[in-house]
Protein chains: 2
Amino acid sequence: MVQYYNRLDASFGALADATRRGVLVQLAQADASISDLANTFRMTLTGMKKHVSILEDVGLITTTKVGRVRTCRLGARAFDDEAKWLESYRQLWAARFDALDSVLEELKAKDQNSERQKR
Amino acid sequence: MVQYYNRLDASFGALADATRRGVLVQLAQADASISDLANTFRMTLTGMKKHVSILEDVGLITTTKVGRVRTCRLGARAFDDEAKWLESYRQLWAARFDALDSVLEELKAKDQNSERQKR
DNA sequence: GTAATACTGAACCATATGGTTTCTTATACA
DNA sequence: TGTATAAGAAACCATATGGTTCAGTATTAC
């Protein structure tokens, strides 16, 4: 179906889940093992493993295994590209309404003109 | 399964699709009917209607129907909450690495001390 | 009045998602 | 050496997602 032409799909997708957002926030406090995370979010190890893999795939976290425990930590990139997209969209959005504003200004000016002419 | 406790789930979900991001960008240029959008994105009317409904549900666009055509336009809210989440996460993230930085600084200082003592 | 247009709803389809259980493997610990 | 622990792989399950086709309704155009 949708092949991920766009990496944004994957990373916004990663964000669209409360558990995964929670994991990111927890990892910002301290590194954690998969068991730790599974425990925090009341979920099986296997279930948490999947979330961790997703976050790792999009590069938001990294993991290393030493002995039998795999430790998860925040990845090198935050949401740079994603924030950039949001920001540029917000500018487009603002521009759109600025344009509307200037139309309204214009109309208002014309209106005042006609008011003046009436007098 | 996941009931949307969190509105962020829905709006990040809305963002996690290239077509919907495209629709938002197109609407930032000019209002458009559902047919227009379906045409731009090479999709059936029905398919596009679904995307439009999703975007409307999360409040990113509004639509009004006059006669037989429904016109879509940007909604009143941009991605305020979403941008806010991203930003506060980015701060957490930065803080995490600042902390690491200061640990490194400290280690470096200690190292230089021991170097000095060796001499 | 008839035909074309624009949308809407329902049913359907394939694949994705978020979770589970069950079984294996590797490591740590007594 | 034997047992508990941490993780991983595989199969499975229910529901969600992104799309389609097909049929119906309302509106516009000729």
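What's counted below: heavy atoms across the whole structure, side chains too, no hydrogens, waters or symmetry copies. Numbers restart at 1 for each chain; the letters A, B, ... are given by sequence-line order, proteins then strands.
Atom C1' of nucleotide dT20(C) and atom NZ of Lys49(A) are separated by 16 Å, given to the nearest angstrom. Here dA9(D) presents its P atom at 10 Å from CD1 of Ile34(A), a figure rounded to the nearest Å. Following rounding to the nearest Å, Asp57(B) (CG) and dT17(D) (C1') show an atom-to-atom distance of 14 Å. Atom C1' of nucleotide dG18(C) and atom CZ of Arg21(A) are separated by 15 Å, given to the nearest angstrom. Straight-line distance from the CZ atom of Phe12(A) to the P atom of dT17(C): 16 Å, rounded to whole Å.
Closest-nucleotide positions on DNA chain D for Thr19(B) and Thr71(A) were compared, and the one nearer the 5' end corresponds to Thr71(A).
Considering CH2 of Trp85(A) and CG of Leu8(A), their distance stands at 8.0 Å, rounded to 0.5 Å. Residue Glu82(A) holds its CD atom at 7.0 Å from CG of Leu86(B), rounded to the nearest 0.5 Å. Here the straight-line distance linking atom CG of Leu74(B) with atom CD of Gln26(B) works out to 10.5 Å at 0.5 Å rounding.
With hydrogens and angles disregarded, no donor-acceptor distance shorter than 3.5 Å links the side chain of Arg73(A) to the backbone of Thr62(A). A donor-acceptor pair is defined here as one N or O able to donate and one able to accept, closer than 3.5 Å; such a pair exists between the side chain of Asp36(B) and the backbone of Ser33(B).
For DNA chain D, the residues of residues 38-48 of chain B within the heavy-atom distance limit of 4.0 Å (strictly under) are Met43(B), Thr44(B), Thr46(B), Gly47(B), sorted by number.
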- [ ] Evaluate side-chain contact (heavy atoms from CB on, under 4.5 Å) for Leu37(B) paired with Met43(B), printing each intermediate quantity in order.
- [x] CA-CA 8 Å; Leu37(B) 295 170; Met43(B) 183 177 298; over 6 Å; no

Could you go through residues 45-61 of chain A and list every donor-acceptor pair under 3.5 Å that involves a side-chain atom there, pairing it with any protein atom two or more places apart or in another chain?
unit_1: His51(A); atom_1: ND1; unit_2: Arg20(A); atom_2: NH1; d: 3.2
unit_1: Ser53(A); atom_1: OG; unit_2: Lys49(A); atom_2: O; d: 3.0
unit_1: Glu56(A); atom_1: OE2; unit_2: Thr63(A); atom_2: OG1; d: 3.0

Grab the N/O contacts between the protein and nucleotides 27-30 of chain D below 3.5 Å, and write none if there aren't any.
unit_1: dT27(D); atom_1: O2; unit_2: Arg68(B); atom_2: NH1; d: 3.1

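If you check dG19(D), dG18(C), dT8(C) against the side chain of Asp17(B), the one that comes closest is dG19(D).
Side chain Lys50(A) to base dG19(C): a donor-acceptor pair is found below 3.5 Å.
Relative ring orientation between Phe97(B) and Trp93(B) is described as tilted, the plane-to-plane angle lying within the 30° to 60° band.
Between dT17(C) and His51(A), no contact under 4.0 Å exists linking OP1 or OP2 to a side-chain N or O.
Salt bridge Lys84(B)/Glu87(B): absent, no basic N to carboxylate O contact under 4.0 Å.
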